[in-house]
Amino acid sequence: MKGASEQILQASEITAACERLVAEGARLQMAYAWFPEAGGPAEVVYLADQGRHKPFPLLRCRLPENAPSLPSLATKIPLLSWYEREMTDLCGLTFSGHPDPHPLVLHEGAHPSMPPLDPRYPKDEPMPYSEQPWDLPPIEGSDVQVLPFGPVRADVLESAQIVFYYVGEAILHCHPRLFFKHRGMEKRFEGLDPAFGVLIAERISGVDSVAHSLAFCQAVEIASQCEVPERALHLRTVLAELERLYNHLHYLGYLCHTTTLKVGEAEGRLLEERCKKLNGIFTGSRFLRGLLKPGGLRRDLDLHDLPHELRMLEPEIAGYIEKLEKTNSHLDRLITTGHLPENVAFDQGATGPIKRASGIERDLRRDHPYAAYDRFEMAIPMRTEGDAHARAQVRMEEIRNSITLILKALARMPQGPVATPIEYPGGGEGLGWCEGSRGSIYYAVHFDKDGRLGRVKVKSASFSNWRVFPYTVHDTNMMDYAINEASFGLTMAGCDR
Amino acid sequence: MPVWTLFGLKHGIATNSWPDNGGTDEQTGVLGLPRLEPDRCEENCKACVEVCLPGAIGMNSSEDGDRLTIDYGKCIACQLCTESCPNEVLTKSNDWAFGVGNRKDLIWAETLASEPAQELSENIKKYFGRSLHIRHVDAGSCNGCESELQALNNPYYNLHRLGIFFTPSPRFADLLLVTGSVTYAMHEPLLATYHAMPEPRWVMATGTCAVSGGVTGGGYSGGNGLDGVLPVDLYVPGCPPNPSAMIQAILLLLNRSKQHVYGGHYAK
């Protein structure tokens with residue numbers, strides 16, 4: 001696959017190869033399966049990241065026709081657990097020795113006639129479903145109470161169910177039941193012209209529209225060996241940072257909501273709204289949609305007045321952050337809340353500001369630069385405390401860095417075209433990536449023989465961070481739960497797809 | 001005085017006075033649903049039909065030849081049709097998504113519907129006067145609609161000033177506001193929420209996914225919006241509809257605003 005250095009292995013060699021990668025300091029990023037030929041055997045792909053400026057190692061393994069099974073790696077590389085369960089649900093593979101072999105993406109009671117990601121499964125056929133109780137972990141004791149919270153939750157929130165096992169105020173175990181919003185988005189790409197693929201990618205997670213469409217476009221461009229014009233690369237950088245800006249400001253406001261700092265919440269939401277308005281004025285879309293396409297941008301943007309607007313906003317944001325950092329009642333609720341140790345963050349797959357707040361210094365913008373990021377100095381905000389406050393601080397610094405970066409990119413904006421013609425390779429493959437505001441996003445794109453989209457695998461930031469989140473809830477208390485969840489800045493849409 | 005209180009007071013009023021006391025809708029520059037000028041349409045040009053992923057634009061064959069039809073209930077405002085049209089039949093506009101009581105009013109009709117404005121719900125004033133409580137259910141959205149719904153409670157839009165509130169309990173809710181295409185797993189929780197609401201109750205399909213499924217509906221997991229799942233009183237397309245569109249639509253339900261669109265024709 002273009003964009004990665006690949007190795008083709010037998011099923012029996014996968015375990016040793018993955019362990020070797022981890023021993024060398026690499027970290028697995030995602031695993032997925034696809035069917036190169038309709039009716040043929042599945043191929044399983046493992047993607048790893050071995051650090052700055054080194055190519056992404058990719059392990060591929062074609063399974064034998066009548067034995068769609070692999071040894072599970074979940075006990076050795078825990079972050080693969082969810083990917084293996086996803087492959088079981090959607091591609092019909094089995095993983096022997098999996099420690100938690102329950103359905104994940106498809107709820108109990110969903111019984112498709114064949115694995116839904118099999119190319120023979122009709123694109124528009126709904127699968128039969130009859131609601132069934134989930135397998136929940138058996139936790140018993142005279143004082144243990146169980147509280148299923150959701151899927152319809154208070155306020156305007158995305159749907160998910162959190163099952164709490166608790167004694168008094170103390171939480172013993174928190175069991176998120178996700179994927180209520182699973183829309184089968186990876187299947188929606190199948191058979192489409194790649195230009196339409198952007199419209200789907202933008203709608204996988206609404207508040208990460210740029211990050212998802214950028215990763216998708218880059219995967220298509222790498223597969224097609226297409227050189228994107230310099231001006232488009234700079235504009236893409238600006239758009240990606242504008243997205244980070246409104247997301248991080250939303251985050252700060254929402255965190256104030258959970259610590260009941262009312263004016264702080266209002267101010268955060270106001271600043272978020274002002275950023276969204278700027279998006280609307282300068283790009284026509286509050287969510288920065290409808291701008292990217294494989295090969296560049298759909299149209300040129302006039303961003304002449306944007307620096308002025310950002311310079312007006314900058315001191316207000318700085319003043320807001322300064323006040324937050326001096327508010328003891330707010331800080332008291334954040335410091336030590338939801339502690340995530342570095343080794344757990346690494347093993348379970350934490351990404352984005354979450355891992356950087358737990359001492360893992362990785363950022364795709366600097367380590368594997370895309371768009372125009374390699375033209376600018378990148379400071380990576382880091383903390384080692386791993387608590388809610390550290391996560392907030394990382395985001396606060398990223399806000400400052402984003403504004404600086406946007407201003408620099410606008411000052412050095414090259415002239416010229418914003419798109420180049422692109423020819424889609426029949427049977428081609430490409431890997432694209434992006435560091436969104438919530439963490440790393442990967443797109444693996446396989447074309448069919450006519451140059452249309454075949455299999456598109458989406459690895460979103462929230463899928464990784466939801467896996468990590470319960471580890472920070474165990475053995476805490478109910479009062480801190482909302483603060484802790486807000487401090488992770490998770491989305492359901494991105495995770496569930 | 002505590003520092004945040006002082007800070008809040010010094011900040012002054014951020015709230016928009018729209019629509020009650022004039023002011024603007026604060027949606028400068030935001031591109032909305034495309035406008036249609038069918039007279040300029042060239043025969044045999046199907047450029048817009050071919051680039052419309054959700055199938056909002058179609059061709060109807062009749063004795064006079066092929067005629068363009070457009071269903072705004074399926075439009076995701078991606079602007080691809082306006083970029084591909086050679087004759088400016090479809091043009092970019094700042095008409096943000098609009099609320100209608102009748103699904104058919106989102107479909108562009110050849111002649112302006114001459115029927116008088118349909119009363120959305122005649123007795124809603126009798127029950128609610130000027131206040132409304134909303135229970136929101138996300139039935140499988142991309143989170144774009146939630147982001148805009150959350151914006152309704154920011155100091156700019158400040159929905160409370162209009163006597164409109166979100167409530168956590170369906171027992172206290174008058175309006176069920178649904179986003180998303182209704183996935184198989186959200187179908188039952190959605191119905192359970194609806195049945196937990198006291199009567200009379202109203203339902204608003206918010207965003208193109210809830211109106212028609214959009215590009216994310218269908219397939220093995222997704223439904224195609226609220227039609228056939230719940231009785232819908234108000235449709236608000238848009239991907240996502242911006243906060244002003246949602247305010248306008250809720251006020252329409254309360255008979256405090258006029259419906260702007262009939263037969264797909266937009267009139268401010």
Side-chain angles (χ1 to χ4, degrees), chain A residues 107 110 112 116 121 123-127 129 131 151-152 154-159 179-185 187-188 192 196 199-200 203-207 209 250 261-264 266-267 269-270 272-273 276-277 280-282 284-287 289-290 298-299 323 326-327 491-494, chain B residues 3-5 7-8 11 14 26-31 53 76-80 83 92 135-151 153-156 166 168 170 180-181 183-190 192-193 214-223 239-240 242:
Chain A
H107 286 191
Y121 190 97
K123 211 179 161 201
D124 293 318
E125 189 180 291
M127 71 186 163
Y129 174 67
E131 204 173 335
V152 178
D155 214 343
V156 178
L157 285 181
E158 291 185 271
S159 295
F179 301 97
F180 279 89
K181 293 177 60 160
H182 178 62
R183 291 159 287 161
M185 291 299 273
K187 185 86 178 170
R188 309 303 295 162
L192 287 185
F196 284 153
L199 302 183
I200 306 278
R203 279 152 187 87
I204 283 181
S205 175
V207 289
S209 290
H250 169 85
L261 186 65
K262 291 290 178 190
V263 186
E267 181 68 9
R269 286 174 187 261
L270 194 60
E272 177 201 1
E273 176 64 24
K276 273 185 170 176
K277 271 195 193 132
I281 291 168
F282 288 102
S285 164
R286 286 162 61 87
F287 292 87
R289 284 179 173 175
R298 272 164 59 184
R299 57 193 160 88
K323 258 185 217 71
K326 281 184 182 161
T327 305
T491 72
M492 251 53 94
Chain B
V3 58
W4 282 102
T5 313
F7 175 68
H11 206 289
E26 299 279 348
Q27 307 301 323
T28 317
V30 176
L31 293 174
L53 181 61
I76 55 169
C78 68
Q79 316 295 337
L80 279 178
E83 287 168 17
K92 286 194 173 82
R135 173 65 252 194
H136 159 254
V137 173
D138 162 16
S141 74
C142 74
N143 196 24
C145 289
E146 279 68 34
S147 182
E148 295 296 54
L149 282 166
Q150 286 163 358
N153 282 333
N154 76 26
Y156 263 115
F166 285 100
S181 56
T183 60
Y184 75 93
M186 279 311 294
H187 194 265
E188 283 301 315
L190 175 64
T193 310
V215 291
T216 71
Y220 65 88
S221 173
C239 191
N242 43 20

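Computed from a prediction, not measured in an experiment: that's the story for all the values here. The figures that follow rest on heavy atoms only: side chains count, while hydrogens, waters and symmetry mates do not. Residue numbers begin at 1 in each chain, while the letters A, B, ... track the order of the sequences.
- Chain B forms more heavy-atom pairs under 4.5 Å with one residue of A:Glu273, A:His107, A:Lys262 than with any other, namely A:Glu273.
- For B:Asn143 (side chain) and A:Gly206 (main-chain N/O), no donor-acceptor pair under 3.5 Å exists by modelled atom type.
- Interface summary for chain B: among A:Ile204, A:Leu261, A:Thr491, the most heavy-atom pairs under 4.5 angstrom belong to A:Leu261.
- The contact between A:Glu125 and chain B is made entirely by backbone atoms, counting heavy-atom distances below 4.5 Å.
- Heavy-atom pairs under 4.5 Å with chain A were tallied for B:Gln27, B:Glu148, B:His11; the largest tally goes to B:Glu148.
- Within the 4.5 angstrom heavy-atom criterion, only side-chain atoms of A:Tyr129, from C-beta onward, approach chain B.
- Most heavy-atom pairs under 4.5 Å with chain B, from the set A:Ser285, A:Gly284, A:Gly280, A:Gly290: that is A:Gly284.
- Atoms CZ and CG, from A:Arg286 and B:Leu31 in turn, are 13.0 Å apart once rounded to the nearest 0.5 Å.
- Counting heavy-atom pairs under 4.5 Å between each of A:Ser209, A:Pro116, A:Gly494, A:Pro151 and chain B puts A:Pro116 at the top.
- Between B:Arg135 and A:Ala154, the shortest heavy-atom contact is NH1-CA, 4.1 Å.
- With a threshold of 4.5 angstrom between heavy atoms, A:Pro126 approaches chain B through its backbone and through its side chain.
- Across all non-hydrogen atoms, the minimal contact from B:Cys239 to A:Arg289 is O-NH1, 3.1 Å.
- With rounding to the nearest 0.5 Å, the separation of CG in A:Leu199 from OG1 in B:Thr216 is 12.0 Å.
- No other option in B:Pro189, B:Ala14, B:Cys142 has as many heavy-atom pairs under 4.5 Å with chain A as B:Cys142.
- A:Arg269 contributes a side-chain N or O that, together with a main-chain N or O of B:Gln150, makes up a donor-acceptor pair within less than 3.5 Å.
- The choice from A:Glu267, A:Met185, A:Glu272 that makes the most heavy-atom pairs within less than 4.5 Å of chain B is A:Glu267.
- Heavy-atom pairs under 4.5 Å with chain B were tallied for A:Lys326, A:Arg203, A:Met492; the largest tally goes to A:Arg203.
- Listed options B:Pro168, B:Ser221, B:Gly144 were ranked by heavy-atom pairs under 4.5 angstrom with chain A; first place goes to B:Ser221.
- Across B:Ser141 and A:Ala493, no two heavy atoms sit closer than the pair O-CB, 3.7 Å.
- Among B:Asn242, B:Ile76, B:Thr193, B:Thr5, the residue with the largest count of heavy-atom pairs under 4.5 Å with chain A is B:Ile76.
- When heavy atoms are compared at a cutoff of 4.5 Å, A:Phe282 does not approach chain B at all.
- B:Tyr220 pairs in a side chain to side chain donor-acceptor pair (under 3.5 Å) with only one of the listed residues (A:Lys123, A:Arg183, A:His182), which is A:His182.
- Contact of B:Pro170 with chain A is not made at all, since no heavy-atom distance falls under 4.5 Å.
- Listed here is the closest heavy atom pair of A:Val263 and B:Trp4: CG1-O, 3.5 Å.
- Looking only at distances, no side-chain donor or acceptor of A:Lys181 sits under 3.5 Å from a matching main-chain atom of B:Ala139.
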* Which is it for B:Val30 and A:Ile281 under the side chain to side chain contact (heavy atoms under 4.5 Å, CB included) test, yes or no, and what are the steps along the way? -> CA-CA 6 Å; B:Val30 176; A:Ile281 291 168; over 6 Å; no
* Between A:Lys276 and B:Ser147, does a side-chain hydrogen bond (donor to acceptor under 3.5 Å, both in side chains) hold up when you go through it step by step? -> CA-CA 10 Å; A:Lys276 273 185 170 176; B:Ser147 182; 2.9 Å; yes
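- Judged by a 6.0 Å distance limit and a 45° cone about the ring axis, A:Lys277 is positioned over the six-membered ring of B:Tyr156.
- For the set B:Gly8, B:Gly217, B:Ser181, B:Ala151, the count of heavy-atom pairs under 4.5 angstrom toward chain A peaks at B:Gly217.
- Contact tally against chain A (heavy-atom pairs below 4.5 Å) for B:Glu26, B:Glu146, B:Gln79, B:Glu188: the top residue is B:Glu26.
- Relative to the six-membered ring of B:Phe7, A:Lys323 meets both conditions, a distance below 6.0 Å and an angle of at most 45° to the axis.
- What you find for A:Arg188 and B:Val215 is that their closest heavy atoms are NE-O, 3.5 Å.
- Closest heavy-atom contact between B:His136 and A:Val152: O-CG1, 4.1 Å.
- Contacts between B:Leu80 and chain A at a heavy-atom distance below 4.5 Å involve backbone atoms as well as side-chain atoms.
- The aromatic ring centres of A:Phe180 and B:His187 sit 6.0 Å or more apart.
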